[in-house]
Amino acid sequence: MPYVVGLMSGTSLDGVDAALVKIDGCGLQSKVELIEFVSIPFSTDVKKDIHDALSIDTSNSQQICSLNFQLGEIFAATVIAVCQKADFPLEQLDLIGSHGQTIYHQPSHEGKFIPSTLQIGEPAVIAYQTKTTVVSNFRTMDMAAGGQGAPLVPYTEIILYGSYEKSRLLQNIGGIGNVTVLPKQAAIDDVHAFDTGPGNMMIDYLCQKFFDRPYDDGGAIGKRGRLNQALLEECMSIPFVLASPPKSTGREVFGESLVEKLVSNYSHVSPEDFVTTMTRFTARSIAENYKTFIFPKTVIDEVIVGGGGSYNDTLMSMLQEELIDHCRVYQQEDFGYSSEAKEAIAFAILANETMNHIPSNVPSATGAKRPVILGNITPVPY
């Protein structure tokens, strides 16, 4: 039974999540036990460096090259931190699965640019400093097989949440929202998943811009503002929102440039009303994707929400309002799991599958031509 640390640094740019898990077996019958979890925030300087690297206007090759190694150091330190918190000897760690920090994700052709993706956080640095094998670059093989390289968590959600009695939607609300459809008694070919649109990304940026807060803690700001209908309708008209799956997105569509454009065009809207409206936009974009692409085909019993957005009470209330005629909305904690740790656990599972030579993409979710083994392996540097 290997002990594995999964690492996740997502589009919210909050910091690095690390989950130490014990995995019994491999494949869809894997049994996963969470031992410990930590979330280490980025420093202000590192967060700015990442923001600069994400922008075509402020990034350059030297900056991204340096940041790749800098993030490798941070990821390695996070692995050490979660082991220390668990009082678990680092030398007994068998494997690390690192998603890395996405710098750019382009799932389809754009002019002369071909589908491609780039995640950084140098795995050689992680392997050297922890003396542990690292699996990284999970998206690239799926894209080589004609997929979009996202979403990657559906395979792990079959393992963790598959049910014989109930059909479930697993909704992650990180920087971006993504959903996995798990019909009851689902096999791999029955599962599909896609990005629904924004998660916390636009809300977080507004909180930083207007209130000098990293996010809307508990949804307090969103609760006291008022909805601006015209702004909501413009956001819902963004082509990605109701584009047909498979689809994936990121900061390129729903990042700072979009928010700044909206703030400029709706300068009469108060900061509180902006946060409220973007919170409703996240909830409605999720719900409308369900109503358009999922509910006509599958009767859903439960929606289980994970990620940082599940702790935004206003967002969760709005999502339940949007789905009141369809199904109940739960947090992962209602089922004994950690919303925060979900994606870090996923990459621990995916790394274990890689080392056991088991394909772990879901072609019906990513659009890949066939199942493939994901990830690049960086061995222990003896």
Side-chain angles (χ1 to χ4, degrees), residues 6 8 10-11 26-30 97-100 102-120 123 135-162 169-170 172 176-183 185-197 239-250 252-253 289 292-294 296-298 343 346-378:
M8 180 64 191
T11 50
C26 58
L28 295 182
Q29 303 309 310
S30 301
S98 177
H99 173 271
T102 297
I103 294 299
Y104 207 85
H105 181 68
Q106 184 176 303
S108 56
H109 281 85
E110 292 184 14
K112 68 176 183 179
F113 298 108
I114 67 172
S116 51
T117 191
L118 178 63
Q119 286 73 43
I120 65 173
V135 182
S136 60
N137 283 330
F138 289 92
R139 297 185 185 275
T140 52
M141 186 60 76
D142 182 84
M143 295 192 76
Q148 295 198 359
L152 293 179
V153 295
Y155 182 91
T156 70
E157 290 175 327
I158 301 171
I159 294 171
L160 296 173
Y161 301 98
L169 299 183
L170 276 297
N172 183 66
I176 292 296
N178 54 72
V179 64
T180 299
V181 185
L182 290 180
Q185 304 177 32
I188 285 284
D189 292 342
D190 300 320
V191 175
H192 59 284
F194 54 90
D195 286 356
T196 53
F240 179 88
V241 174
L242 290 178
S244 298
K247 57 179 179 175
S248 59
T249 189
E252 301 78 22
V253 176
N289 271 276
T292 305
F293 303 116
I294 299 174
K297 301 176 183 177
T298 308
E343 290 193 296
F347 286 97
I349 297 170
L350 292 177
N352 185 60
E353 298 301 274
T354 301
M355 298 305 292
N356 283 282
H357 310 289
I358 296 174
S360 56
N361 65 327
V362 177
S364 57
T366 66
K369 295 181 179 70
R370 63 182 181 87
V372 289
I373 299 170
L374 303 178
N376 301 345
I377 300 171
T378 304

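All of these numbers come straight from a predicted model, not from anything done at the bench.
- Taken from CD1 in Ile120 to OG in Ser136, the straight-line distance is 12.5 Å, to the nearest 0.5 Å.
- Residues Leu160 and Ile349 form a side-chain contact, since some pair of their non-hydrogen atoms from C-beta on lies under 4.5 Å apart.
- Minimum heavy-atom separation, Gln185 to Asp190: O-OD2, 4.2 Å.
- Looking at heavy atoms from C-beta onward, Thr180 lies out of side-chain contact with Val362 at the 4.5 angstrom threshold.
- Of all heavy-atom pairs spanning Tyr104 and Gln106, the tightest one is CE2-OE1, 3.8 Å.
- Side-chain contact check for Lys247 versus Thr249: every heavy-atom pair is 4.5 Å or farther apart.
- Among all heavy-atom pairs drawn from Ile176 and Gly197, the shortest one is CG2-O, 3.2 Å.
- For the pair Thr196 and Phe293, the minimum side-chain heavy-atom distance is 4.5 Å or more.
- Using a 4.5 Å heavy-atom threshold, the side chains of Tyr155 and Ile188 count as touching.
- Contact between Val191 and Ala186 at its shortest, heavy atoms only, is CG2-CB, 4.1 Å.
- Across all their heavy atoms, Pro107 and His105 have their closest contact at CD-O, 3.5 Å.
- Under the 4.5 Å side-chain criterion, counting only non-hydrogen atoms from C-beta, Leu374 is not in contact with Glu353.
- Contact between Ile159 and Gly27 at its shortest, heavy atoms only, is CD1-O, 3.5 Å.
- Counting only heavy atoms from C-beta outward, the side chains of Val179 and Phe194 approach each other to under 4.5 Å.
- Distance CG/Leu28 to OG1/Thr156: 11.0 Å, rounded to 0.5 Å.
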Side-chain polar contacts of residues 138-153 - donor-acceptor pairs under 3.5 angstrom, sequence neighbours left out - could you list them?
from	atom 1	to	atom 2	distance (Å)
Arg139	NE	His99	NE2	3.2
Arg139	NH1	Gly149	O	2.7
Arg139	NH2	His99	NE2	3.0
Thr140	OG1	Asn137	O	3.1
Asp142	OD1	Asn361	ND2	2.9
Asp142	OD1	Thr366	OG1	2.8
Asp142	OD2	Gln148	N	3.4
Asp142	OD2	Gly149	N	2.9
Asp142	OD2	Thr366	OG1	3.2
Gln148	OE1	Ser248	N	2.9
Gln148	OE1	Ser248	OG	2.9
Gln148	NE2	Pro246	O	3.3

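- Residues satisfying the side-chain contact (heavy atoms from CB on, under 4.5 Å) test with Ile373, not counting sequence neighbours, are Thr354, His357, Pro359.
- With a 4.5 Å cut-off on side-chain heavy atoms, Asn289 and Leu242 count as touching.
- Of the inter-residue distances, the one linking Glu252 atom CD with Glu110 atom CD reads 8.5 Å to the nearest 0.5 angstrom.
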